[in-house]
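Just so you know, residue 1 is the first one in the sequence shown, and it goes up from there.
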Amino acid sequence: MQITDFDASTLSRKIHGHELSCREVMQAFLARIHQLNPTFNAIVNLAPDDALLAQADAYDKELAAGLSRGWLHGIPVAIKDAADAVGFPSTKGCELLADHKPARDSLMTARMKSAGCIVIGKTTTPELGLGSHTFSTLWGATHNAWDIAVSAGGSSGGAAVCLAQRMLPIADGSDFMGSLRNPAGWNHVYGFRPSQGRVPQPYNNDAWIDMLSTEGPMGRTIEDVGRLLVTQAGYDPRAPLSLQGSVVWNAGTGDTSVLKGLRIGWLADIDGHLATDDGVLDACEDALESFSAAGAVVDEIPLGFDPGKLWDCWLAWRRAIAGPRVGALMHLPGAKDKIKPEAQWEYECSQGLTYMDFRRATETRTAYYRHVLGLFDQWDVLVLPSAQVWPFDVTMRWPRAIAGRTMDTYHRWMEVTTYATLAGIPSLAVPAGFHANGKWPIGIQLMAKNSAESFLLRVAAAYEAVRRDFLARRPD
């Protein structure tokens, strides 16, 4: 095996066991990045090799002296370009922010650094993180790890591609409308949107409404995902909605007995409400067969809540959050020319949002959350596809139609991800299957009740154990 084939947990054990040096690990990943990134365009603002190797040497000296910074000691990481990391621009894929240098790390970045990682650069995101397709006029398009002709998904598209193509051993991401889950599904890796408040963001301008968007981990193994979530998570008093409980990751997790008798509710396409590409549901149901074979009880169930009403609720929340973020840039010179039309549309729609509109949306969301609690009285895990479509042509901005049904917004094709977001519940995207062409992946979302991340990690680890050969597939 090559060094870059190892996941972060394995690298951690080898570094701490003095089987590999931090310099060797850094050299291996930098070489792979230089080889592949020109094709996939997944990492930007990469630090100079000599500076990164000098950091790796310093970490080796610390380890030789008996000092470990944590489980990520000396492991190279690139932070998603939506989060701040000192020494690197935070562009958010926007030309107006190309030279924006943050004065401090985001809390998530700081926690990952405290665990020992070396930040080497940033992973790509679409402009302002909007749209689940990673392209921008600043950086261009990021190509799918399995087929460069199609989209990598987004907005954590660069992170997912880096994992699948072994340019990074582990990655962070963030998720508002599937931004951890869609790219994970489309690149055959894991992406975990935790419960709202699990990974706090205390430096947001708003501490209340903005919490609908959250950061979280991505990885090639559930062990990596679990360990990184433990690192990222934790209460912070500056974020009043952050959760005080802890996530538990047990290194021995992977016992398939957790699947025996597990009650799984398969929501499919929400009784035909969600326009879905041919083959997507079939691939998801193949994955569910693995749960059934291991002793789980899988039934297709109705959502039992008006999806049209939920979509209207989503639009109000989306406008309340995305509109001000775009609006903060609209006064800058050249904004009208340099901000993509989809982002400007979000801003324009937000201008017509009244308090009463938003209040009605919050009441709908509250009713929906209580309804979902009732579903979890009957089902341990709810399941949806990670996306409604297969990866589409990388030159497209967004799918205009699915299965003959017109998409009325640039993000309607990702409606499937809003159900977990609005409920504030954890949703872990795991690889499910492939298109008939054998090269386009798709995933499923495993969803559990609020704050049940530890349980969901156990379920996913058991799934990983029963589908190990399938999950080990990698792109050419």
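With respect to the salt-bridge test (charged N to carboxylate O, under 4.0 angstrom), the residues Arg220 and Asp7 do not qualify. Ion pairing between Asp81 and Lys92 fails under the 4.0 Å rule for side-chain N and carboxylate O. Between Glu215 and Lys80, no side-chain nitrogen of the basic residue sits less than 4.0 Å from a carboxylate oxygen of the acidic one, so the salt-bridge criterion is not met. A salt bridge links Glu223 with Arg13: the closest approach of a Lys/Arg side-chain nitrogen to an acidic carboxylate oxygen falls below 4.0 angstrom. For the pair Asp147 and Lys439, the salt-bridge criterion is met [side-chain N within less than 4.0 Å of a carboxylate O].
Atom OG of Ser155 is separated from atom NE2 of His133 by 13.0 Å, given to the nearest 0.5 angstrom. For the atom pair Ile222 CD1 and Arg227 CZ, the distance stands at 14.0 Å (nearest 0.5 Å). Here the straight-line distance linking atom OG of Ser9 with atom CH2 of Trp71 works out to 4.5 Å at 0.5 Å rounding. Rounding to the nearest 0.5 Å places CD of Gln196 at 10.0 Å from OH of Tyr369. A distance of 9.0 Å separates OG1 in Thr123 from CG in Leu163, rounded to the nearest 0.5 Å. Here Asn182 contributes atom CG and Thr134 contributes atom OG1; the two are 8.5 Å apart, rounded to the nearest 0.5 Å.
Ser156 and Ser179 share no side-chain donor-acceptor pair at under 3.5 Å. Side-chain contact annotation: Trp266 with Glu285, donor-acceptor N/O pair under 3.5 Å present. In this structure, a donor-acceptor pair under 3.5 Å is present between the side chains of Ser90 and Asp84. Side-chain contact check for Ser427 and Gln445: at least one donor-acceptor pair (N or O, by modelled atom type) lies under 3.5 Å. Judged by distance alone, the side chains of Gln232 and Arg111 never bring a donor and an acceptor atom under 3.5 Å apart. If you check the side chains of Glu464 and Tyr190, you find a donor sitting under 3.5 Å from an acceptor. Glu453 and Ser195 share a side-chain donor-acceptor pair at under 3.5 Å.
Closest approach of Met407 and Ala275 over heavy atoms only: CE-CB, 4.0 Å. Contact between Arg181 and Ala420 at its shortest, heavy atoms only, is NH1-CB, 3.6 Å. Closest of all the heavy-atom pairs between Ile75 and Ala8 is CD1-O, 3.5 Å. When all heavy atoms of Trp390 and Asp277 are compared, the closest pair comes out as N-OD2, 3.1 Å. When all heavy atoms of Leu243 and Ser451 are compared, the closest pair comes out as CD1-OG, 3.7 Å.
Annotation for Lys449: atom NZ does not count as buried by contact number, only 12 or fewer foreign heavy atoms lying within 6.0 Å. Asp469 CG: 12 or fewer foreign heavy atoms inside a 6.0 Å radius. Atom CZ of Arg263 sits in a crowded spot, with more than 12 heavy atoms from other residues, nucleotides or ligands closer than 6.0 Å. More than 12 heavy atoms of other residues, nucleotides or ligands lie within 6.0 Å of CG in Asp5, so this atom counts as buried by the packing criterion.
Residues passing the side-chain hydrogen bond (donor to acceptor under 3.5 Å, both in side chains) test with Thr39, sequence neighbours excluded: none.
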Notebook entry, point to check: Checking side chain to side chain contact (heavy atoms under 4.5 Å, CB included) for the pair Thr124/Ile43: CA distance, chi angles, key distance, verdict?
Noted result: CA-CA 6 Å; Thr124 51; Ile43 291 183; over 6 Å; no
Margin query: Show, in sequence, the C-alpha distance, side-chain angles and deciding distance for Trp186 and Phe392, and conclude whether the ring-ring contact (aromatic ring centres under 6.0 Å, His included) test is met.
Written below: CA-CA 10 Å; Trp186 277 3; Phe392 52 82; 5.6 Å; yes
Next item on the list: Evaluate the criterion side-chain hydrogen bond (donor to acceptor under 3.5 Å, both in side chains) for residue pair Asp236 and Ser242; output intermediate values, then yes/no.
Entry: CA-CA 6 Å; Asp236 187 291; Ser242 60; over 6 Å; no
Next item on the list: In sequence, state the C-alpha distance, the side-chain angles, and the governing distance for Glu415 and His273, and then conclude on side-chain hydrogen bond (donor to acceptor under 3.5 Å, both in side chains).
Entry: CA-CA 10 Å; Glu415 184 175 357; His273 172 76; 2.8 Å; yes
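Two residues are said to be in side-chain contact when any heavy atoms from C-beta on lie closer than 4.5 Å; Tyr368 and Arg370 fail this criterion. The side-chain heavy atoms of Leu212 and Arg318, taken from C-beta on, include no pair separated by under 4.5 Å.
The aromatic rings of Tyr59 and His73 are tilted relative to each other, their planes meeting at an angle between 30° and 60°.
Judged by distance alone, the side chain of Ser386 and the main-chain N or O of Gly443 form a donor-acceptor pair under 3.5 Å.
Counting only residues at least two apart or in different chains, ring pair (Phe, Tyr, Trp, His ring centres under 6.0 Å) contacts with residues 145-171 comprise Trp146-His188, Trp146-Phe434.
Geometrically, Arg467 engages Phe470 in a cation-pi contact, judged by NZ or CZ lying under 6.0 Å from the ring centre and within 45° of the ring axis.
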Atom pairs and distances, side-chain donor-acceptor, residues 294-311, under 3.5 Å, sequence neighbours left out:
| from | atom 1 | to | atom 2 | distance (Å) |
| --- | --- | --- | --- | --- |
| Asp306 | OD1 | Gly308 | N | 2.9 |
| Asp306 | OD1 | Lys309 | N | 3.4 |

